[in-house]
Structure formats: structure tokens, C-alpha cells
2 protein chains.
Amino acid sequence: MSRQNLKQQIYSQVARIGKAACHGHRLELLEYLAQGERTVEALAKLTGLSVANTSQHLRVMRHSGLVSARKDGLYVYYSLAGDEIVRLLSSMRRLAESHLADVGRLVRAYLTVKDELEPIPRRELLERARKGMVTVLDVRPPEEYASGHVPGAKNVPLKELAKRLKELPKNQEVVAYCRGPHCVLAFDAVAQLREKGFRARRMQDGFPEWREAGLPVEKTAATESRSGKN
Amino acid sequence: MSRQNLKQQIYSQVARIGKAACHGHRLELLEYLAQGERTVEALAKLTGLSVANTSQHLRVMRHSGLVSARKDGLYVYYSLAGDEIVRLLSSMRRLAESHLADVGRLVRAYLTVKDELEPIPRRELLERARKGMVTVLDVRPPEEYASGHVPGAKNVPLKELAKRLKELPKNQEVVAYCRGPHCVLAFDAVAQLREKGFRARRMQDGFPEWREAGLPVEKTAATESRSGKN
DNA sequence: CTAGTATTCAAATAATCAATTGAATACTAG
DNA sequence: CTAGTATTCAATTGATTATTTGAATACTAG
């Protein structure tokens with residue numbers, strides 16, 4: 001085997017990693033998988049893709065080794081194949097944010113003021129939450145909350161937020177988080193809350209990054225991990 | 001703009017970063033750019049692509065913000081748009097190595113024994129080089145050496161290695177490096193040297209990573225940075 | 001100005017990839 | 001076993017992307 005061939009083979013192998021992450025839908029899937037394992041159907045529903053299409057995308061990512069699958073009964077549960085992948089995704093996001101002017105603008109599209117919307121760093125949040133100084137708000141769907149959340153966080157899915165405002169304190173800061181730096185759930189929540197006169201901020205990044213950082217995670221005990229439909 | 005639209009727009013923007021790195025040729029170009037700025041023609045020659053094709057690939061990476069260009073006289077000099085990109089590339093390589101069994105195998109295809117070929121960490125090399133305990137060998141072409149190298153490193157391009165063996169000490173360890181963890185130059189050099197009875201090892205990764213790690217870099221004074229052909 | 005060079009562009013073709021469809025597989029429950 | 005469900009596969013279509021070609025642009029040197 002010639003040196004030139006070897007080189008090209010290596011590059012195209014490494015490019016397979018890139019290929020797994022060069023499509024919007026696949027990125028979205030990866031982001032959901034960063035939160036825990038999911039079935040094909042669940043992922044299809046979350047992303048709005050057809051089941052077959054979802055399956056195809058998962059297939060290519062599986063061949064690139066980014067995603068692993070385990071079959072249990074009727075369902076195939078997919079998950080990320082390692083923590084390194086979360087780091088790759090963060091790296092891509094950071095690059096996108098700094099190099100593509102559009103992204104930052106899009107992310108802030110909903111928000112009026114930027115000043116007070118600076119996210120609160122994870123460590124700082126952890127300390128202040130321990131002292132009972134803030135209310136931590138998890139705005140993801142209950143299943144995601146159940147499979148792991150920031151200790152002491154209250155789960156109010158975004159959809160229910162409007163109805164459940166009275167459960168939240170007006171005299172204390174509320175810190176919302178969701179799936180990651182580009183997940184719009186927390187942005188929305190903060191926007192809604194601020195509109196209603198609450199003192200609200202976002203947490204830095206989201207839950208996958210929190211777990212990745214090695215910070216404590218709380219789980220709801222009897223997780224119904226094989227719920228039929230969500 | 002709906003929430004769903006916003007989300008998809010963000011994902012597809014981030015995917016643009018992935019797209020810049022999901023093609024073998026582009027990865028190769030990025031790797032060369034990690035060593036310093038290059039003209040289109042130089043890159044085309046290095047990669048074996050046509051000039052037009054190289055230009056096209058550079059164009060898409062430029063639009064993704066990974067690569068920047070500066071025109072000086074007749075030439076356009078391309079370079080990486082930031083250090084974060086070196087990190088992204090490392091991340092991809094690490095993933096490829098751990099998740100794609102093929103890559104590790106390919107990289108080691110030339111090598112007989114693995115044991116004594118463990119690379120020497122950068123920090124360790126720096127210390128031992130300062131004490132004069134090792135000979136550091138840069139096996140890249142002279143132009144790359146000139147634009148920056150490990151302090152005290154001796155430049156012997158791989159092609160000339162066989163002829164210039166007498167310049168190297170037999171009683172001292174020789175540590176070779178080249179462009180990065182998957183660059184085969186250093187592998188080849190080590191294999192050749194060991195065959196001739198030298199004590200040779202590779203340095204961890206390569207020069208771009210050395211610089212990225214913030215370690216000292218030496219430059220040849222009067223760099224002829226606008227050399228016509230290389 | 002002209003000749004020469006580096007790069008880019010535009011258009012065309014070749015190659016690859018995404019998404020859909022309908023059938024096939026693999027499993028569970030009865 | 002049969003009926004039902006989740007997932008995958010194979011084949012097709014449509015869309016995007018890679019590469020080549022030849023011409024256009026932008027610059028330098030004389």
C-alpha cells in the first residue's frame with residue numbers, strides 16, 4: 001500500500017465522523033441522544049421526521065460509530081457511543097457561533113434585551129441552588145426530566161408554563177435550562193417569564209453539558225423507561 | 001418566525017461547520033492549513049487536486065468561516081480562521097481513532113512492533129530537549145520547518161533521511177515529528193531509523209498540536225514566505 | 001499598453017446523498 | 001400458530017455536491 005493511498009484512506013475515514021455530523025437532521029438527532037437513549041419512534045416524533053428516514057440517519061451514524069444501538073424486546077434503543085461526542089458537538093456549536101454571524105443572531109431572535117439574559121454559569125447555579133437562593137426550572141418534557149436533571153430542579157414543561165406560573169416565586173430568581181445552548185425551550189421560557197414580571201435567566205448551555213461537566217445529577221426513582229408513546 | 005423553524009435553521013447553520021469537515025479532501029486541506037498559510041496552488045500541489053477543485057473546496061470552507069483568505073499581489077493566501085478549528089480536527093481524529101477500528105489499523109499498517117513506538121508527550125520532550133538529552137527531528141519539508149518548528153529541532157525531510165543518517169547520533173534517542181497524529185512522515189522516519197539501529201520514537205501528535213498547546217515555537221529568521229514553487 | 005500568472009467563476013457532467021414507498025424482518029401477546 | 005407493532009431493507013426519485021472544462025478576472029512585470 002502506497003503512502004499516498006494510506007493518507008487518503010485515513011482522511012476519508014476521519015471524514016466519516018464529519019459526515020455523521022454534517023446534516024441538520026442528524027445533528028438534531030444527536031442532540032436528543034445526548035440526553036439519554038431513545039427509540040427510533042421517539043426520535044422520529046421529536047424531530048418530526050418519518051420513522052424510515054430517522055432509521056436511515058441513525059444507520060449512517062451507527063456506521064460512523066457515533067451512535068450505538070441495543071435491542072430490547074420490540075424496541076431498538078439508540079444512544080451516543082461516548083462522551084467525546086458531546087464535546088465534538090460543543091466544539092461545532094462554538095465554531096458556528098463565532099464564525100457564522102447568523103447563528104448568534106438567530107438564537108437571539110426572540111429576545112429583546114441581551115444584557116440581563118446572560119446565562120448563569122453551571123457552578124454558580126449549583127452553589128446558589130444549594131443555598132436555596134434560586135429556583136431551578138427544567139422546561140423539558142417529563143420523560144427527559146425523569147431520566148436525569150439538575151438536583152432540586154422543578155419540572156415545568158414549556159407547554160404548561162403559562163398555566164403553572166403560580167407555582168413559581170416572584171421574589172426569587174428563576175433559572176431555566178433545557179437541552180443545550182441552542183435549544184430554544186429555555187429561551188422561550190425566560191422570555192415568557194420576564195414578560196410576566198418574573199426575574200428569569202437561562203442556565204449556561206443545557207443538561208447534557210451539565211452532566212458532561214461531571215456535576216451532580218438527580219434521577220426520578222421509578223423511571224418508566226419503556227413508556228409506549230410520549 | 002416559528003419556534004420549529006428557528007430550531008431547524010440553527011441546526012442547519014451548525015451543520016455547515018460539519019459540512020466543511022465531512023469530505024476527505026477538505027480535511028486534508030485543513031490539515032495543511034493548520035501548519036500555516038498557503039496559496040491555492042501550493043495546496044493543490046500538496047494534495048494532488050486540480051487547482052480549480054482546490055479553489056472550490058476552499059470556497060465552501062471560507063463560506064463556513066473555517067478558513068480565511070488574504071490577497072497579496074498575485075497570490076491568495078489561505079489560513080485557518082482560528083485555533084478552535086485545530087481542536088475540532090483533533091476531536092474528530094480522536095473519535096475516528098476510537099470508534100472506527102479501521103483508522104487505528106491503517107495508521108499502524110507500516111509498523112511492526114507497537115510497544116516501543118509509544119509517542120513521547122510534548123511536555124516531556126520539551127524538558128528532555130532543553131537538557132540536551134534527545135535529538136528532535138523535524139521530518140517535514142523545509143518550507144514547513146521554516147514557518148515554525150519545535151525549538152532546537154533539526155530538519156531532515158523524510159526524503160533525505162536515508163542519505164543523511166550520519167548527521168544523527170546513535171547514542172542518543174531521536175524523537176521525530178511531523179504534521180499530526182495521522183501524518184505518516186514521522187511513522188516512516190521512526191521505522192527507517194529503528195531499522196538502521198537508531199533509538200527512535202515519535203513525538204505525540206505533530207507540530208500544529210504543539211503550537212496549539214501553547215508551547216514555544218522557533219522560526220527560521222528570513223522566511224521566504226512568498227517562494228514561487230515548492 | 002501587452003504578456004503572463006494565479007485565482008475564481010459558470011456551466012456541464014458525474015457522483016453521492018436524502019427522502020419516500022412498500023415490502024421484509026423480528027419480536028410480543030394472545 | 002396469528003395479529004399486531006417496531007424497525008430495517010431495497011428500490012426509486014429527487015436533490016445536492018464534487019469535479020472538470022474553459023472562460024473571466026485581477027494582478028505583476030516589462
Side-chain angles (χ1 to χ4, degrees), chain A residues 8 11-13 15-30 32-33 37-64 66-79 225-230, chain B residues 8 11-13 15-30 32-33 37-64 66-79 225-230:
Chain A
Q8 278 168 0
Y11 280 119
S12 63
Q13 290 295 322
R16 285 175 56 188
I17 299 291
K19 281 192 184 135
C22 72
H23 194 277
H25 290 157
R26 285 203 283 267
L27 278 179
E28 198 177 353
L29 289 169
L30 286 174
Y32 283 118
L33 289 173
E37 60 177 17
R38 292 280 156 81
T39 68
V40 179
E41 206 186 15
L43 287 167
K45 206 164 206 172
L46 285 165
T47 55
L49 300 175
S50 77
V51 172
N53 195 9
T54 306
S55 177
Q56 301 276 56
H57 282 304
L58 289 168
R59 183 175 164 277
V60 337
M61 293 196 286
R62 195 175 173 185
H63 275 97
S64 304
L66 289 207
V67 148
S68 59
R70 117 190 128 75
K71 183 153 192 179
D72 183 14
L74 208 47
Y75 297 83
V76 176
Y77 293 87
Y78 280 88
S79 54
S225 73
R226 58 171 65 195
S227 68
K229 315 274 156 92
N230 51 345
Chain B
Q8 279 168 359
Y11 280 119
S12 61
Q13 289 294 323
R16 283 175 56 188
I17 298 293
K19 283 193 183 131
C22 73
H23 194 277
H25 291 158
R26 285 202 285 266
L27 278 180
E28 198 178 351
L29 289 170
L30 287 175
Y32 284 117
L33 289 173
E37 61 176 18
R38 291 282 155 80
T39 67
V40 179
E41 204 186 17
L43 287 168
K45 207 164 206 173
L46 285 165
T47 55
L49 300 175
S50 77
V51 173
N53 195 8
T54 305
S55 176
Q56 301 278 54
H57 281 303
L58 290 168
R59 184 175 164 276
V60 338
M61 295 195 286
R62 196 176 174 185
H63 275 99
S64 304
L66 290 205
V67 148
S68 58
R70 123 189 124 76
K71 181 152 192 179
D72 183 14
L74 209 46
Y75 296 83
V76 176
Y77 293 87
Y78 279 90
S79 54
S225 74
R226 59 171 66 194
S227 67
K229 314 274 156 95
N230 51 344

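Convention: sequence-line order gives letters A, B, ...; per-chain numbering from 1.
Shown here, D:dG14 forms a base pair with C:dC17; the pair counts as Watson-Crick or G-U wobble because both key distances fall under 3.5 Å. Under the Watson-Crick or G-U wobble criterion, with both distances below 3.5 Å, C:dT5 is paired with D:dA26. When both distances must be under 3.5 Å, the Watson-Crick or G-U wobble mate of C:dA11 is D:dT20.
Nearest-nucleotide positions on DNA chain C for A:Leu49 and A:Gly73 put A:Leu49 closer to the 5' end. Toward the 5′ end of DNA chain D lies the nearest nucleotide of A:Arg62, the other residue of the pair B:Lys71 and A:Arg62 mapping further downstream.
Contact annotation: B:His23 side-chain N/O to C:dT16 OP1/OP2 distance is not under 4.0 Å. A close approach under 4.0 Å does not occur between any side-chain nitrogen or oxygen of B:Ser55 and OP1 or OP2 of C:dT7. Contact annotation: A:Tyr78 reaches the phosphate of D:dT8 (side-chain N/O to OP1 or OP2, under 4.0 Å). Using a 4.0 Å cut-off, some side-chain N or O of A:Ser50 falls inside it from OP1 or OP2 of C:dT20.
The separation between A:Gln56 atom CD and D:dT8 atom C1' is 8 Å, rounded to whole Å. The NE2-P distance, from B:His57 to C:dT16, rounds to 13 Å in whole Å. Put simply, NE2 on A:His63 is 17 Å from C1' on C:dT16, counting in whole angstrom units. One can place CZ of B:Arg59 at 16 Å from C1' of D:dT20, the figure rounded to the nearest angstrom. Rounded to whole Å, atom C1' of C:dT8 lies 13 Å from atom CG of B:Asn53. Rounded to a whole Å, the NZ atom of A:Lys45 is 14 Å from the P atom of D:dT5. B:Arg70 places its CZ atom 15 Å from the C1' atom of C:dT7, with the value rounded to the nearest Å. Atoms CG (B:Leu74) and C1' (D:dC27) sit 5 Å apart, rounded to a whole Å.
Looking at B:Arg26, its side chain does come within 3.5 Å of a backbone N or O of B:Lys19 through a donor-acceptor pair. Of the possible donor and acceptor atoms, none in the side chain of B:Arg16 sits under 3.5 Å from a partner among the backbone N and O of B:Val60.
Note: A:Glu28 CD to A:Thr54 OG1 = 9.5 Å, rounded to the nearest 0.5 Å.
The side chain of A:Val40 lies closest to D:dT7, out of D:dT7, C:dT21, C:dC27. Comparing C:dT20, D:dT19, D:dT7 against the side chain of A:Glu41 picks out D:dT7 as the nearest.
Using modelled atom types, one finds no donor on one side chain facing an acceptor on the other under 3.5 Å when comparing B:Arg59 with B:Gln56.
Looking only at side-chain heavy atoms (C-beta outward), A:Leu30 and A:Val67 come within less than 4.5 Å of each other.
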